[in-house]
Q: 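The structure that follows is given in the form of structure tokens.
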Amino acid sequence: MTKINHIVFDIGKVLIHYDPNIPYSRLIPDEKERAWFFENVCTHEWNLEQDRGRTWEEAEALLLQHYPDHEKTIRAFRLHWHEMVSHSYDDSVAILKGLIASGHDVTMLTNFASDTFREAQKMYPFLTLSRGVTVSGDVGLIKPDVAIYELHAQTFGLDPASSIFIDDSFPNVEGAKAAGWQAVHFTGAEKLKADLAEFGIKA
């Protein structure tokens, strides 16, 4: 069994989740308006631009310029994202903190929009640890592009063969494997504990 020297967390849904107490139906109560928003605004292409580092302020300004009649909806959606940052998966965050506290070398990789990540850093001090974070928007690469995993390994001096990459997105896990990483698909805290145990890591 390969000795694991590094643990790399994706900190998307591993850290942040869509709080069920903040449903879209509360922020955008009108069903037709909500459907319009996801059909015309919150598209895959729009999300990619956020991942590339466009700030929420810039995105909101552009949307208000193009859709002035939908100002209330646009501002409500941004509010959702800002509120979402303050809600975490307590169990997975506890695992992450526990790994750090027990001396495991942990670093993070995310495709958050940069300003969303900065907000998260204010609430979670462990995101500012010296191991650092590669924010894909900052470097112009988006998972599962193999290059971002290679960049992350180079930046932090990691050997992918002796590192575990943890991500909630299966395509990202497959992308990491293509770059030579050990990788596990995060679907919940209990499964994550079991997956790490197979590598000899107690979480």
Side-chain angles (χ1 to χ4, degrees), residues 9-97 108-128 133-138 140-145 148 166-173 175 185-192:
F9 263 84
D10 167 75
I11 58 165
K13 290 182 186 174
V14 172
L15 174 66
I16 305 300
H17 76 105
Y18 300 95
D19 182 3
N21 296 312
I22 312 175
Y24 292 124
S25 58
R26 175 163 77 79
L27 293 172
I28 310 176
D30 184 84
E31 187 175 347
K32 289 183 178 178
E33 181 72 1
R34 198 162 62 245
W36 170 87
F37 185 81
F38 284 100
E39 182 177 344
N40 294 280
V41 176
C42 193
T43 62
H44 178 66
E45 290 75 19
W46 188 84
N47 283 316
L48 283 181
E49 287 305 311
Q50 293 307 106
D51 287 346
R52 290 188 178 102
R54 181 175 62 184
T55 68
W56 288 105
E57 288 80 3
E58 292 170 330
E60 186 175 70
L62 285 170
L63 292 175
L64 292 173
Q65 182 180 343
H66 287 112
Y67 305 109
D69 295 339
H70 296 273
E71 178 179 359
K72 186 175 180 181
T73 298
I74 291 165
R75 293 194 186 282
F77 186 73
R78 181 179 172 198
L79 174 65
H80 167 79
W81 283 91
H82 279 284
E83 288 191 34
M84 186 181 72
V85 171
S86 65
H87 298 271
S88 69
Y89 279 123
D90 293 335
D91 47 8
S92 62
V93 171
I95 288 175
L96 178 58
K97 288 180 176 178
M108 298 90 171
L109 174 63
T110 183
N111 58 353
F112 270 172
S114 298
D115 59 336
T116 304
F117 175 68
R118 306 303 171 214
E119 287 300 311
Q121 278 185 312
K122 295 175 186 177
M123 301 176 190
Y124 301 105
F126 61 83
L127 293 179
T128 62
V133 181
T134 297
V135 180
S136 59
D138 290 344
L141 298 169
I142 299 174
K143 295 176 294 181
D145 188 334
I148 194 171
I166 303 167
D167 198 300
D168 66 291
S169 166
F170 187 70
N172 290 344
V173 168
H185 184 203
F186 173 81
T187 57
E190 291 307 313
K191 181 178 179 296
L192 178 57

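For reference, positions follow the sequence shown, starting with 1.
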Q: How about NZ on K72, more than 12 heavy atoms from neighbouring residues, nucleotides or ligands closer than 6.0 Å, or not?
A: no

Q: Supply the atom-to-atom distance I148 CD1 to T134 OG1, rounded to the nearest 0.5 angstrom.
A: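 Answer rounded to 0.5 Å: 6.5 Å.
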
Q: Is the closest side-chain heavy-atom distance between I74 and Y67 below 4.5 Å?
A: yes

Q: Which value, rounded to the nearest 0.5 Å, describes the distance between K143 atom NZ and D145 atom CG?
A: 12.0 Å

Q: For a quick test of reading the model, state the closest non-hydrogen atom pair linking D168 to H185 and the distance between them.
A: O-NE2, 2.9 Å

Q: Let me have the donor-acceptor pairs involving side chains of residues 35-43, under 3.5 Å, with sequence neighbours excluded, atom names and distances please.
A:
from : atom 1 : to  : atom 2 : distance (Å)
N40  : ND2    : W36 : O      : 2.9
T43  : OG1    : W46 : N      : 3.2

Q: Who are the side-chain hydrogen bond (donor to acceptor under 3.5 Å, both in side chains) partners of E49, not counting sequence neighbours?
A: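 With neighbours one apart ignored, the set is R52.
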
Q: Ignoring hydrogens, what is the shortest heavy-atom contact between A76 and I28? Give both atom names and the distance.
A: CB-CG1, 4.4 Å

Q: With sequence neighbours excluded, what pairs up with E71 under the side-chain hydrogen bond (donor to acceptor under 3.5 Å, both in side chains) test?
A: R75

Q: If we check side-chain contact (heavy atoms from CB on, under 4.5 Å) with D10, which of these qualifies: D167, V173, I166?
A: D167

Q: Which heavy-atom pair separates P144 from P171 by the least distance, and what is that distance?
A: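 Here P144 and P171 meet closest at CB-O, 3.4 Å.
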
